[in-house]
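Structure, as structure tokens:
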There are 4 protein chains.
Amino acid sequence: MPEDDPAVPRWRRRKEERPREIVDAALTVFGERGFAAARLEDVAAQAGVSKGTLYLYFPNKEELFKAVVREAILPNLDMAERLLAGAQGPSFAVLETLLTLFATRILKSRAGAIPKLIIAEAGNFPDLARFYYEEVIRRAFALLAAVLERGMARGEFRPVDVDSTVRLIVAPMLMSALWRSSFEALEGRPPDVAALLAAHLDALRRTLAPEGGPPS
Amino acid sequence: MPEDDPAVPRWRRRKEERPREIVDAALTVFGERGFAAARLEDVAAQAGVSKGTLYLYFPNKEELFKAVVREAILPNLDMAERLLAGAQGPSFAVLETLLTLFATRILKSRAGAIPKLIIAEAGNFPDLARFYYEEVIRRAFALLAAVLERGMARGEFRPVDVDSTVRLIVAPMLMSALWRSSFEALEGRPPDVAALLAAHLDALRRTLAPEGGPPS
Amino acid sequence: MPEDDPAVPRWRRRKEERPREIVDAALTVFGERGFAAARLEDVAAQAGVSKGTLYLYFPNKEELFKAVVREAILPNLDMAERLLAGAQGPSFAVLETLLTLFATRILKSRAGAIPKLIIAEAGNFPDLARFYYEEVIRRAFALLAAVLERGMARGEFRPVDVDSTVRLIVAPMLMSALWRSSFEALEGRPPDVAALLAAHLDALRRTLAPEGGPPS
Amino acid sequence: MPEDDPAVPRWRRRKEERPREIVDAALTVFGERGFAAARLEDVAAQAGVSKGTLYLYFPNKEELFKAVVREAILPNLDMAERLLAGAQGPSFAVLETLLTLFATRILKSRAGAIPKLIIAEAGNFPDLARFYYEEVIRRAFALLAAVLERGMARGEFRPVDVDSTVRLIVAPMLMSALWRSSFEALEGRPPDVAALLAAHLDALRRTLAPEGGPPS
DNA sequence: CATGAATGAGTATTCATTCAT
DNA sequence: GATGAATGAATACTCATTCAT
């Protein structure tokens with residue numbers, strides 16, 4: 001049993017992984033109940049530690065939530081930004097990749113619950129809202145704006161109002177995430193995200209196409 | 001001490017107006033704090049009555065919330081359905097009217113807070129979610145689906161996946177409502193709903209246009 | 001319709017009977033729920049009047065309860081006292097008559113709920129307890145003591161400790177009343193009060209018999 | 001300000017003793033006020049803990065009450081059943097011992113308040129009534145019935161209606177308990193339980209005696 | 001007289017946070 | 001470090017009583 005290997009004592013490894021385990025448990029519990037209704041006792045139980053231990057790593061519930069957002073969303077944003085930075089091909093392909101990534105990686109993971117969390121609690125926890133706005137939304141919007149600018153500069157896209165178009169691009173994805181959190185349990189069949197994504201990409205292709213021909 | 005002034009009665013009978021006043025106050029308070037975090041004491045204060053009075057008209061917090069939804073949303077849905085039923089002209093004009101109505105009547109009124117309320121509380125109050133799903137979402141989706149079917153039947157729209165397209169139509173409007181509830185306070189300028197609506201209608205026009213020519 | 005007879009206007013008759021109707025309704029409701037848990041709104045509804053009307057006839061809930069006791073118990077006590085005063089025959093027959101009266105008139109009527117009411121609320125409403133103790137218990141005990149004294153004086157009963165024996169006489173009747181209020185709903189069959197009364201009278205006969213022969 | 005004195009900790013861990021302390025405090029407070037009127041805040045204060053601590057050990061008020069009954073009554077019932085099981089001598093002596101135990105152990109302890117509690121709350125808390133009926137009354141009645149059957153089988157008692165006689169045996173003891181809860185405060189002298197018990201045993205002896213001679 | 005709309009004090013329960021162990 | 005027992009603030013709902021009509 002490798003746990004007994006004195007060179008890599010188990011408790012040592014655990015101590016260093018505790019924060020991640022707690023954040024992971026918190027994502028699960030926050031996703032199920034929402035921030036306000038989530039009980040730290042449940043988070044602790046889910047993480048396999050005691051309530052008091054949470055406070056050794058996070059000063060309070062709000063900071064724990066911020067850590068959840070950081071851990072679950074920011075790596076994906078980083079990846080998306082690297083993807084754009086290294087993009088060689090047509091801009092619509094970049095857009096397609098980004099939206100597909102969102103639909104497959106975020107929406108299907110437990111991180112898909114985060115938008116709902118933010119929407120729900122922004123009013124009562126302005127700090128949370130500001131944090132998310134600065135760290136996530138601004139960056140995500142800037143990223144999409146950059147794709148649009150690139151496409152327009154390369155003549156792949158017709159000229160559009162960037163700010164509005166960014167919102168048009170994001171909205172169906174956001175709606176899918178919220179839908180999952182709120183109504184999926186009520187419906188027999190889960191909504192067909194793939195169909196929505198296809199329809200959305202089709203609509204975007206037509207919308208962004210320069211007058212002469214298709215963008216991609 | 002003015003409390004003893006007999007010319008200023010402690011309260012007045014307002015059996016007829018009270019329910020509306022309470023629902024109105026509830027919309028305000030629910031909109032600010034969310035359903036769970038809203039204190040009925042605040043609703044009462046906002047309505048200018050005592051806590052007990054709320055219970056003369058509504059059996060509990062949840063029913064009060066349903067009344068808010070009924071009063072704030074259903075009349076608009078009724079109007080939208082009548083609008084479609086009486087429509088003579090091109091289908092895209094119907095769509096345009098419906099979206100414009102939403103953007104101008106709901107989004108700018110305090111009823112714009114309701115989508116956020118539902119999203120936020122659906123997980124913890126399944127009854128509320130079901131109520132809203134049955135009474136609002138289903139009807140609104142059916143309405144938009146009917147417009148799409150009408151347009152396709154009349155050759156004004158190219159054939160599309162109705163369910164996905166309904167979601168594409170709704171998403172930016174929903175996002176605007178949520179944005180207002182969650183982030184408007186953080187930004188200097190309010191988001192330009194008119195610009196978003198224009199861009200959205202433009203995108204829809206291109207998306208729904210039959211291969212030959214423009215739909216409207 | 002005699003109600004229209006101007007000589008005996010209906011509302012006039014009702015006005016005079018209102019207090020009795022209210023007391024009657026109160027007995028029903030107090031009997032079902034207990035004093036503290038009874039809602040004056042229910043009393044009013046049962047009496048066919050409005051809540052406010054109760055306060056035209058009784059200053060508060062406690063006084064209404066006292067009126068209930070007065071109306072439901074005191075007439076029976078009066079009757080019992082007259083019965084003893086006019087008694088000619090053997091003392092055991094008097095005892096038998098009194099207990100039978102209790103078992104048939106009080107226990108089976110709604111007044112049978114009153115002992116439970118008093119027991120339940122004595123701690124929280126000392127005024128009520130004192131009132132009942134002075135107006136009912138003292139008199140009832142004195143009455144039974146008088147029967148015992150009469151029997152001993154006439155040589156029908158052996159000498160007994162009067163105070164203890166009065167309690168022995170009362171206890172099974174009281175227990176029947178309490179049982180009905182508390183556990184009758186839980187058992188399939190109602191307790192056989194007639195059998196209990198017969199056994200009780202048999203026991204009393206043996207207990208009170210002078211050493212020589214039977215008392216009656 | 002002593003609150004800041006580090007030598008006086010705000011609380012101490014007492015995981016083992018706490019439940020008993022709380023049950024004990026609850027018996028006191030329930031006994032004084034009744035179940036419904038008792039405030040958990042008072043129970044907590046009486047036990048020297050905070051309100052929240054009650055919920056660490058009991059899920060709600062009703063379960064706390066059941067725990068009180070279990071702790072205060074059931075051990076006595078156990079003892080009584082063992083006593084009958086091991087009885088060698090005459091049946092009347094068993095009866096005498098049981099009643100004397102009740103009069104001295106239960107009636108004088110704070111557990112004597114429980115019958116009143118049950119009587120008072122049975123109507124509004126049917127769960128409580130059922131619990132008490134099943135766990136206490138049924139067992140106590142069965143126990144006394146067994147004593148009677150034993151006495152009749154051994155020819156010590158004349159044949160009697162067992163059910164009624166059990167009630168006759170219990171009634172004066174029950175009445176004593178109720179009296180203490182309800183009227184003792186009103187009288188100068190406490191009722192002479194010893195005299196009542198003596199008179200009751202005397203009456204039972206005469207009542208149960210076979211036609212030929214005394215039972216014991 | 002009668003009504004019933006309005007009042008507001010009172011309480012069981014939950015859970016983030018603290019801190020004795 | 002880790003635990004989990006203990007704290008106490010916060011809030012929906014009820015109902016006796018009042019009083020405008």
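Every chain is numbered from 1, with letters handed out A, B, ... down the list of sequences.
Residue pairs meeting the side chain to side chain donor-acceptor pair (under 3.5 Å) criterion with at least one partner in residues 21-38 of chain B, sequence neighbours excluded, are B:R14-B:E21, B:R18-B:E21, B:D24-B:R110, B:T28-B:R110. Applying the salt bridge (Lys or Arg N to Asp or Glu O under 4.0 Å) test to residues at least two apart or on different chains, none of the pairs has a partner in residues 116-129 of chain A.
By the ring pair (Phe, Tyr, Trp, His ring centres under 6.0 Å) test, A:Y133 is found to be paired with B:F183, residues two or more places apart in sequence or in another chain being considered. With sequence neighbours left out, the ring pair (Phe, Tyr, Trp, His ring centres under 6.0 Å) criterion links D:Y55 to no other residue. Not counting sequence neighbours, C:Y132 has no partner by the ring pair (Phe, Tyr, Trp, His ring centres under 6.0 Å) test. Residues satisfying the salt bridge (charged side-chain N to carboxylate O under 4.0 Å, His left out) test with A:R20, not counting sequence neighbours, are A:E71. A:R70 meets the side chain to side chain contact (heavy atoms under 4.5 Å, CB included) test with A:E63, A:K66, A:L74, A:F131; sequence neighbours excluded.
The distance from atom CG of A:L128 to atom OG of B:S182, rounded to the nearest 0.5 Å, is 11.0 Å.
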Below 3.5 Å, can you tabulate the donor-acceptor pairs from side chains in residues 34-49 of chain A to any protein atom, sequence neighbours excluded?
none

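Near DNA chain F, meaning a heavy atom under 4.0 Å away, the residues from residues 51-62 of chain B are B:K51, B:Y55, B:N60, B:K61. Of all the residues in residues 29-49 of chain B, B:A38, B:R39, B:L40 reach under 4.0 Å from DNA chain F with at least one non-hydrogen atom.
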Please evaluate residues A:L117 and A:V68 with respect to the criterion side chain to side chain contact (heavy atoms under 4.5 Å, CB included), reporting the C-alpha separation (whole Å), side-chain torsions for both, the decisive distance (0.1 Å), and the verdict. CA-CA 11 Å; A:L117 283 174; A:V68 166; 5.7 Å; no
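Taking atom CD of residue D:E63 and atom C1' of nucleotide E:dT13, one finds them 15 Å apart after rounding to whole Å. The CZ-C1' distance, from C:R18 to E:dC1, rounds to 9 Å in whole Å. Distance A:I22 CD1 to F:dG1 C1': 12 Å, rounded to the nearest Å.
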What pattern of brackets, bars and dots sums up DNA chain E from 5' to 3', given Watson-Crick or G-U wobble pairs under 3.5 Å, [ ] for crossing pairs and | for another strand? .||||||||||||||||||||
